[in-house]
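Report on the structure given below.
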Amino acid sequence: MPPTRGRPIALKLLILLLVPLLSLVGLWAFAAGLTGGAGMRLLSINDLATNFAQPAEAVNIALQDERLASVEFLVTGQGADIMAERRGRTDRAVQAFRSSAASLRDLTPEMRTQLNALNVKLDQLADVRKEVDGTLVAPLDVIDGYSQIADASFRMYDAMILVPDMALYQQARAVTMLGEAKEVLSRERAVVAIVLARGRVEARERESFTGMVATRRLLFSQALSHLDGNLRGPYGKLAGSPVYEEFLKAEDVIKGQAAVNGLPASAATWPIDAQNLWNAVERAQAKTNQGIVNRVTPTAVGMLVKIGVAGGVGLVAVIASILLSLRFRKRLVRELAALRDAATELAEVRLAGLIKRLRTNTAPPTSAEMAPLEVKANTSEVADIVRAFNDVQSTAIEAAVDQARLRHGVSQVFVNLARRNQSLLHRQLLQLDSMERATEAPEVLADLFKLDHLTTRMRRHAESLIILSDQAPGRGWRNPVPILDVLRAAVAEVEEYERVEIMQPPSVALLGSAVTDVAHLMAELIENATLFSPPQTRVDVRSSVTPHGLVVEVEDRGLGLPRTELDELNDRLTTAPEFDLAQSDRLGLFVVARLAARHGIKVALVPSPYGGLTAMVALPASLLADQPALAGR
């Protein structure tokens with residue numbers, strides 16, 4: 001069974017190189033995508049600021065104005081027209097915000113969640129307005145209702161400013177905190193309006209106002225501590241301005257004012273102080289918001305430039321790694337392919353040709369036959385394999401030469417022994433022939449005939465050794481011999497010749513040069529038929545003329561052979577393989593194959609109708625004579 005062919009080394013090298021290369025490409029793609037995505041998100045903040053943050057800020061401003069107008073309407077009963085105008089402005093801002101938000105597709109999940117929460121709070125605005133219109137709600141509850149909507153918008157801002165740059169994130173978060181401080185300032189203005197309308201500060205308003213003051217001042221101070229110089233400028237000036245100082249004093253007075261004491265004379269300026277501070281805060285907020293927006297684009301561009309440089313260098317490294325890996329793979333595969341071709345030529349061409357030549361010519365190998373493998377190899381391991389193959393070649397050639405000389409020597413021994421035995425047996429046959437002629441006693445004559453037959457068989461075996469040594473037997477015929485005499489001579493060389501029956505052959509003759517070999521060939525086949533068939537059965541020898549020559553059939557009545565073994569024997573008879581000393585059990589078939597190949601005779605074994613085998617011998621017309629002639633030695 002042939003060995004299973006594995007995957008080519010080119011594929012294995014490709015797989016081996018693909019693992020680190022794909023890992024490198026994956027890491028590069030991940031890093032480039034991570035950093036590039038962050039830069040693109042930064043660039044998208046401008047779009048978010050224009051189409052999302054600014055409409056949301058407009059909603060907050062409108063809600064802050066509406067809240068103040070609603071509180072003033074509750075505590076004074078006046079300003080309904082102003083409140084209605086502020087509500088219309090708020091509705092337009094809300095509609096514009098929702099329209100812009102619906103067109104955005106790149107919102108993060110957290111932003112989408114906070115946006116939904118803000119929309120829910122905006123839907124509750126109608127309920128707050130109904131309570132204001134009914135004038136049955138406390139002013140502080142109205143402030144709280146509007147404040148919940150504002151708080152939801154600032155949570156949305158927190159989700160929007162999750163930018164990858166930490167320094168920019170801190171600045172954006174500080175700006176958002178200033179916006180929350182502005183929202184708390186708006187709530188304080190609403191409380192101031194309540195206090196002025198009532199002429200006193202009640203405990204609930206004072207407690208609520210105190211919390212608002214603390215929250216606003218904390219947000220303001222924390223935001224200022226995080227802003228850098230450029231963004232801190234407007235609010236830094238505001239923190240040291242007289243407007244801010246006056247409002248701080250007003251806050252302190254309101255926090256410490258008792259309900260029974262009434263309001264101080266300075267209370268008349270509280271709305272003006274709050275309005276002045278509100279205007280200043282709006283101007284500072286506008287400048288700071290524009291400043292933070294202006295920082296986004298340069299930061300994003302800088303980040304993209306970095307990823308462009310780093311990613312470009314990484315891409316060049318990846319491409320260089322791929323090219324170098326493929327070049328290394330191609331070079332190694334080319335070296336291995338050249339080594340494979342050279343080794344194949346050595347095994348299938350050069351060594352095969354040398355062994356074939358050594359069968360007939362045991363002369364030492366030429367320089368061309370011993371030429372070493374020439375493989376251009378830059379890899380040390382491949383070069384080592386080439387040297388190892390050259391060493392193997394030298395060893396194989398030496399072994400082949402030694403084996404050829406050994407076979408030649410064995411053949412010469414066979415020929416010498418066979419020639420000597422042949423000469424002695426020939427002399428013995430002549431002696432027996434003389435003895436047979438000189439005696440007339442039946443018993444003695446029968447014994448002499450047995451000795452004669454035994455000597456004839458021994459002579460055939462001696463000639464078999466000569467034939468296996470690619471030599472020709474010494475016997476020969478000058479004239480054509482009738483085929484009947486040739487078959488009889490063959491039967492005479494078989495031990496159980498009495499079991500062989502020769503059917504009347506055609507009147508054809510065999511050329512004298514082929515008589516000895518054909519008789520030997522037929523004797524081997526007939527003897528096999530007698531040996532491998534029951535003793536009580538007979539062996540039939542039939543012959544018939546065909547358009548291409550003469551066919552002789554030797555049929556026995558044995559047990560036959562399995563198809564696989566029969567095919568193997570027929571292949572051996574067809575190809576005439578070199579004689580193998582390890583297969584001496586089929587010695588006769590080796591002799592038959594050699595003789596058949598020498599004269600162009602075709603021999604085949606086929607199943608017999610009687611259960612045994614039929615040996616079919618096809619003698620070509622070139623071996624036959626037109627007319628039978630008397631044989632002569």
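A quick note: this is a predicted structure, and the numbers were derived from the prediction, not measured.
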Please name all residues satisfying ring-ring contact (aromatic ring centres under 6.0 Å, His included) with Phe73, sequence neighbours left out, ordered by chain then number.
->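 With neighbours one apart ignored, the set is empty.
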Looking at [X] and [Y], what are the two nearest heavy atoms and their distance?
X	Y	result
Ala190	Val71	O-CG1, 3.5 Å
Leu74	Pro139	CD1-CA, 4.2 Å
Trp278	Ser186	CZ3-CB, 3.6 Å
Val132	Met83	CG1-SD, 3.7 Å
Pro271	Leu196	CG-CD1, 2.9 Å
Phe154	Thr176	CE2-O, 3.9 Å

Over 12 non-hydrogen atoms of neighbours within 6.0 angstrom of CD in Glu85 =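 Count over threshold, so yes.
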Point-to-point distance, once rounded to the nearest 0.5 Å, from [atom1] of [X] to [atom2] of [Y]:
X	Y	atom1	atom2	value
Leu277	Leu185	CG	CG	5.0 Å
Leu68	Ile194	CG	CD1	10.0 Å
Thr210	Ile254	OG1	CD1	9.5 Å
Leu118	Asn60	CG	CG	8.0 Å
Lys121	Gln124	NZ	CD	4.5 Å

Side chain proximity check, [X] to [Y], heavy atoms < 4.5 angstrom:
X	Y	result
Ile149	Val128	no
Phe247	Asn276	no
Lys182	Ile61	yes

So, are Asp133 and Arg87 salt-bridged, with charged N and O less than 4.0 Å apart?
->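 A salt bridge links Asp133 with Arg87.
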Taking only residues two or more places apart in sequence or in another chain, which ones pass side chain to side chain donor-acceptor pair (under 3.5 Å) with [X]?
X	result
Glu205	Arg198
Glu180	Arg155
Asp91	Arg129
Asn116	none

What residues form a salt bridge (charged side-chain N to carboxylate O under 4.0 Å, His left out) with [X], not counting sequence neighbours?
X	result
Asp391	none
Asp65	Arg89
Asp144	none
Arg67	Glu183

Backbone N/O of [Y] and side chain of [X]: donor-acceptor pair under 3.5 Å:
X	Y	value
Ser70	Glu66	yes
Ser221	Leu218	yes
Ser153	Ala150	yes
Ser147	Ile143	yes

Begin from the C-alpha positions of Trp270 and Val253 and carry the test side chain to side chain contact (heavy atoms under 4.5 Å, CB included) through to its verdict.
-> CA-CA 10 Å; Trp270 289 350; Val253 172; 3.5 Å; yes
Pairing residues for Thr344 by the side-chain contact (heavy atoms from CB on, under 4.5 Å) criterion, not counting sequence neighbours =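 For Thr344 the side-chain contact (heavy atoms from CB on, under 4.5 Å) partners, ignoring immediate neighbours, are Arg340, Glu348.
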With sequence neighbours left out, what residues match Glu207 under side-chain contact (heavy atoms from CB on, under 4.5 Å)?
->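 By the side-chain contact (heavy atoms from CB on, under 4.5 Å) rule, Glu207 matches no residue at all.
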Pairs meeting criterion salt bridge (Lys or Arg N to Asp or Glu O under 4.0 Å) with involvement of residues 208-222, two or more places apart =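 Every pair satisfying salt bridge (Lys or Arg N to Asp or Glu O under 4.0 Å) with a residue in residues 208-222: Glu188-Arg216, Arg216-Glu251, Arg217-Glu251, Arg217-Asp252.
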Can you list the steps and then say if Leu140 with Val191 is a side chain to side chain contact (heavy atoms under 4.5 Å, CB included)?
-> CA-CA 8 Å; Leu140 288 179; Val191 175; 4.2 Å; yes
Would you sort out whether Arg204 and Asp141 count as a salt bridge (Lys or Arg N to Asp or Glu O under 4.0 Å), showing the intermediate values?
-> CA-CA 11 Å; Arg204 185 180 177 189; Asp141 293 335; 2.8 Å; yes
Cut-off 3.5 Å, side chains only: do Gln275 and Arg189 have a donor facing an acceptor?
->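 Looking only at side-chain atoms, Arg189 and Gln275 do form a donor-acceptor pair, the distance falling under 3.5 Å.
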Applying side chain to side chain contact (heavy atoms under 4.5 Å, CB included), run through Val192 and Phe209 and close with a yes or a no.
-> CA-CA 9 Å; Val192 169; Phe209 187 82; 4.1 Å; yes
Give the intermediate values and the outcome of side chain to side chain contact (heavy atoms under 4.5 Å, CB included) for residues Asn119 and Arg98.
-> CA-CA 8 Å; Asn119 285 324; Arg98 286 181 168 175; 3.3 Å; yes
